[in-house]
Colleague: 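Take a look at the following structure, please.
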Amino acid sequence: MNAQTDQAGILAGAYLGMAQLFSYPNPETWQRLVEHGLIDPTLGQDVMEADYLAAFELGRGKSPVPLFEGMHRGDLGREGILEDILRFYDFFDVKLSEIDREYPDHLVTELEFLAWLSMREQAAEQKGGDAESFRRAARDFLTRHLAAWLPEFRRKLEATDTAYAQFGTTLAELVEAHRGRLGSET
């Protein structure tokens, strides 16, 4: 494997890890996070659950931080954002889970899509195929979506008094590293 292929695999794993971090921390999710070293095991599942609810559902003396892009980018209108995101998914024949029923602009859904693009890039490179379309899609998706609303999301998240406040910084670092990798490719 070459360095570029390795990087695509690492990015896929990092995005999936972030998707787990921003998913509801039920006991199974919490256990996976601990097993993969993504959270400190002393931060119990009940604390993570309470912090998740405080940060994203109920607030803790403040408004909750929405996990949906369209709720952070009112300038574009949520319908337009959803339509654009669905075009990305449709182009690659990506279908949303019928079970989970998350919205296309949910943070976890966007993170999973970026992981999927990275996995497809890695697979194409391993087979000696053209991976550029997957890199171009990731670049466009980051620019038009996740990187566009992440600064406001991160700012609001850091203002919460929860364990999730630190995860916004980690996610921003991941996105910037990925954008830097994509920007340096020709």
Colleague: Say you draw a straight line from OG1 of Thr162 to OH of Tyr52; how long is it, rounded to the nearest 0.5 Å?
Modeller: 11.5 Å
Colleague: Do the side chains of Val108 and Leu67 get nearer than 4.5 Å, heavy atoms only?
Modeller: no
Colleague: Going from CG on Leu111 to CG on Leu171, what distance comes out if it is rounded to the nearest 0.5 angstrom?
Modeller: 5.5 Å
Colleague: Hey, any chance Leu16 and Leu146 share a hydrophobic cluster, counting ILVMFWY side chains that come within less than 4.5 Å of each other, even indirectly?
Modeller: no
Colleague: Does Lys127 have more than 12 heavy atoms from other residues, nucleotides or ligands lying within 6.0 Å of its NZ?
Modeller: no
Colleague: Enter the distance from Leu117:CG to Gln122:CD here, rounded to the nearest 0.5 Å.
Modeller: 13.0 Å
Colleague: Testing Glu125, Arg139, Arg120, Met119 one by one against Phe134 for a side chain to side chain contact (heavy atoms under 4.5 Å, CB included), which residue passes?
Modeller: Arg120
Colleague: Are any of the side-chain heavy atoms of Thr109 and Tyr103 separated by less than 4.5 Å?
Modeller: no
Colleague: Can you see which heavy atom on Ile39 is nearest to which on Phe167, and at what distance?
Modeller: CG2-CZ, 3.8 Å
Colleague: Roughly how far, to the nearest 0.5 Å, is the CZ atom of Phe22 from the CZ atom of Phe56?
Modeller: 5.5 Å
Colleague: Tell me the closest heavy-atom pair linking Tyr164 and Pro25, and the distance in Å.
Modeller: OH-CG, 3.7 Å
Colleague: Checking ring-ring contact (aromatic ring centres under 6.0 Å, His included) against Phe113, which of Phe141, Phe91, Tyr15 comes through?
Modeller: Phe141
Colleague: Is the shortest heavy-atom distance from the side chain of Gln45 to the side chain of Thr29 under 4.5 Å?
Modeller: no
Colleague: Working to the nearest 0.5 Å, report the span between CZ of Arg181 and CD of Gln7.
Modeller: 5.0 Å
Colleague: Between Arg135 and Glu132, is the closest basic N to carboxylate O distance under 4.0 Å?
Modeller: yes
Colleague: For a side chain to side chain contact (heavy atoms under 4.5 Å, CB included) with Glu69, tell me which candidate from Asp84, Leu150, Leu82, Ile85 qualifies.
Modeller: Ile85
Colleague: Provide the closest heavy-atom pair for Ala8 versus Ser118 in the form atom of the first, atom of the second, distance.
Modeller: O-CB, 3.4 Å
Colleague: Give me the one residue out of Arg155, Lys156, Arg154 that meets salt bridge (Lys or Arg N to Asp or Glu O under 4.0 Å) with Glu158.
Modeller: Arg154
Colleague: Counting distance only, does the side-chain N/O of Trp30 pair as donor-acceptor with the main-chain N or O of Leu43 below 3.5 Å?
Modeller: yes
Colleague: Can you tell me if CG on Asn26 sees more than 12 non-hydrogen neighbours from other groups inside 6.0 Å?
Modeller: yes
Colleague: Which pair of non-hydrogen atoms, one from Trp149 and one from Asp105, has the smallest distance, and what is that distance?
Modeller: CZ2-O, 4.3 Å
Colleague: Would Arg87 and Glu83 pass as an ion pair if we require N to O under 4.0 Å?
Modeller: yes
Colleague: Measure the CG-OG1 distance between Leu157 and Thr169 for me, rounded to the nearest 0.5 Å.
Modeller: 8.5 Å
Colleague: Establish, for the pair Arg78 and Phe68, whether the NZ or CZ atom is under 6.0 angstrom from the six-membered ring centre and no further than 45 degrees off its axis.
Modeller: yes
Colleague: Looking at every heavy atom in both Ala163 and Met48, which two are closest together, and how far apart are they?
Modeller: CB-SD, 4.3 Å
Colleague: Looking at Phe88, is Arg144 sitting on its ring face, NZ or CZ under 6.0 Å from the six-membered ring centre and within 45 degrees of the normal?
Modeller: no
Colleague: Can you check whether Ile81 reaches His145 side chain to side chain, under 4.5 Å on heavy atoms?
Modeller: yes
Colleague: Within a strict 4.5 Å, meaning less than it, do heavy atoms of the Asp161 and Asp51 side chains meet?
Modeller: no
Colleague: Minimum heavy-atom separation for Leu96 to Pro104, with atom names?
Modeller: CD1-CG, 3.7 Å
